[in-house]
Amino acid sequence: MSTVRGERRAGRERRRAQEFDSFVAGAAGRLLHTATLLTTEPLRPPGANPRALRLLTAALACTYARWDRLHGEDPYDRTRQELVVRFAREVWRHHRPRGGPLDPLTPQERLVLVLRLYEGVAEEQAAALLGLPADRLRAVCNRSVATLRGTRRPTARWWLRPSTRAVS
């Protein structure tokens with residue numbers, strides 16, 4: 001009797017691994033590009049984005065751990081949400097420009113821009129995910145686009161501002 005249970009469990013684990021492998025094969029490229037945009041690492045040459053790879057690997061590991069509990073939920077949305085949460089939690093690591101296309105933007109501006117314009121997440125859904133009012137999200141998105149177009153100066157970052165303290 002226990003060997004039958006063991007075989008069933010092994011079969012379920014194989015199916016689970018195959019389903020997850022299929023998901024990763026189809027979604028990993030786009031998710032890696034999303035993570036690379038968030039971390040502002042260069043898109044080329046391949047392998048020039050170790051922070052994005054770490055961020056994506058952690059998000060995929062979390063999705064795999066919850067794979068059986070998704071119950072009809074889109075695994076891509078779940079992984080993207082985990083990616084966003086992990087980026088927001090580690091945002092202090094992603095402040096310095098690294099040569100990526102979104103370097104002029106602050107981490108919040110990158111997050112909003114990537115979710116809204118690259119990933120195509122609806123405004124209300126992105127606002128709920130980030131815990132922002134919809135009008136604030138819209139303002140951040142507009143400011144980000146204006147910065148990238150060059151019609152607005154980049155937002156001043158506190159770590160790049162010259163010291164205002166008097167030297168004694």
Side-chain angles (χ1 to χ4, degrees), residues 20 23-67 70 73-165:
F20 186 75
F23 162 69
V24 171
R30 185 166 176 93
L31 287 167
L32 179 59
H33 194 251
T34 299
T36 303
L37 289 172
L38 290 173
T39 58
T40 70
E41 293 174 307
L43 299 173
R44 298 212 189 317
N49 50 0
R51 290 174 185 268
L53 284 169
R54 279 195 302 271
L55 197 62
L56 177 59
T57 301
L60 285 171
C62 190
T63 301
Y64 184 72
R66 295 182 181 144
W67 192 257
L70 289 179
E73 187 179 350
D74 184 8
Y76 185 86
D77 288 342
R78 184 74 193 120
T79 306
R80 181 180 54 215
Q81 181 179 359
E82 186 64 32
L83 197 64
V84 166
V85 168
R86 286 183 180 277
F87 174 77
R89 204 177 300 143
E90 300 176 355
V91 75
W92 59 273
R93 294 181 185 174
H94 306 288
H95 280 296
R96 291 187 193 84
R98 301 193 184 284
L102 302 182
D103 266 353
L105 304 179
T106 66
Q108 183 186 45
E109 291 170 339
R110 288 192 308 252
L111 195 52
V112 168
L113 193 74
V114 167
L115 282 176
R116 288 286 295 127
L117 302 182
Y118 181 71
E119 287 290 320
V121 176
E123 188 174 278
E124 297 79 23
Q125 187 180 0
L129 180 61
L130 299 176
L132 295 172
D135 57 341
R136 172 80 177 131
L137 183 102
R138 196 174 314 114
V140 170
C141 189
N142 291 338
R143 185 175 66 218
S144 304
V145 170
T147 299
L148 291 176
R149 284 185 179 156
T151 58
R152 182 183 173 282
R153 295 178 84 137
T155 303
R157 301 177 189 186
W158 61 269
W159 66 90
L160 295 177
R161 290 184 193 149
S163 178
T164 57
R165 287 186 274 175

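Expressed to the nearest 0.5 Å, how far CD of Gln81 lies from CD of Glu73 amounts to 7.0 Å. The distance from atom CG of Leu83 to atom CG of Leu55, rounded to the nearest 0.5 Å, is 4.5 Å. Once rounded to the nearest 0.5 Å, the distance linking CD of Glu109 with CG of Leu111 reads 11.0 Å. To the nearest 0.5 Å, atoms CD (Glu41) and CG (Leu102) are separated by 12.0 Å.
Inter-residue side-chain proximity for Thr34 and Leu56 is flagged as unmet; no heavy-atom pair is nearer than 4.5 Å. Annotation: side chain of Gln108 is not in contact with side chain of Ser144 (no heavy-atom distance under 4.5 Å). Between Pro107 and Phe87, the closest side-chain pair of non-hydrogen atoms falls below 4.5 Å. Annotation: side chain of Asn49 is not in contact with side chain of Thr39 (no heavy-atom distance under 4.5 Å). At a threshold of 4.5 Å between non-hydrogen side-chain atoms, the residues Leu105 and Leu113 count as touching.
In terms of the salt bridge (charged side-chain N to carboxylate O under 4.0 Å, His left out) criterion, residue partners of Arg138 (sequence neighbours excluded) are, by chain and number, Glu123. For Ala128, there are no side-chain contact (heavy atoms from CB on, under 4.5 Å) partners, not counting sequence neighbours.
Relative orientation of the Phe23 and Trp67 rings is tilted, given thresholds of 30° and 60° on the angle between their planes.
Residues in residues 131-150 take part in no ring pair (Phe, Tyr, Trp, His ring centres under 6.0 Å) pair, two or more places apart or across chains. Sequence neighbours left out, the pairs with a member in residues 74-83 that pass salt bridge (Lys or Arg N to Asp or Glu O under 4.0 Å) are Arg66-Glu82, Asp77-Arg80, Arg80-Glu119, Glu82-Arg86. Applying the ring pair (Phe, Tyr, Trp, His ring centres under 6.0 Å) definition to pairs two or more places apart or across chains, those involving residues 108-144 are His33-Tyr118. Here ring pair (Phe, Tyr, Trp, His ring centres under 6.0 Å) pairs that include residues 125-152, with residues two or more places apart or in two chains, number zero.
Nearest heavy atoms, Pro104 versus Leu148: CG-CD2, 4.3 Å. Of all heavy-atom pairs spanning Pro133 and Ala127, the tightest one is C-CB, 4.3 Å. The two residues Ala126 and Arg116 come nearest to each other via the heavy atoms CB-CD, 4.1 Å.
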TODO: For Leu137 and Leu115, run side chain to side chain contact (heavy atoms under 4.5 Å, CB included): C-alpha distance rounded to whole Å, both residues' side-chain angles, the deciding distance at 0.1 Å, then the answer.
DONE: CA-CA 11 Å; Leu137 183 102; Leu115 282 176; over 6 Å; no
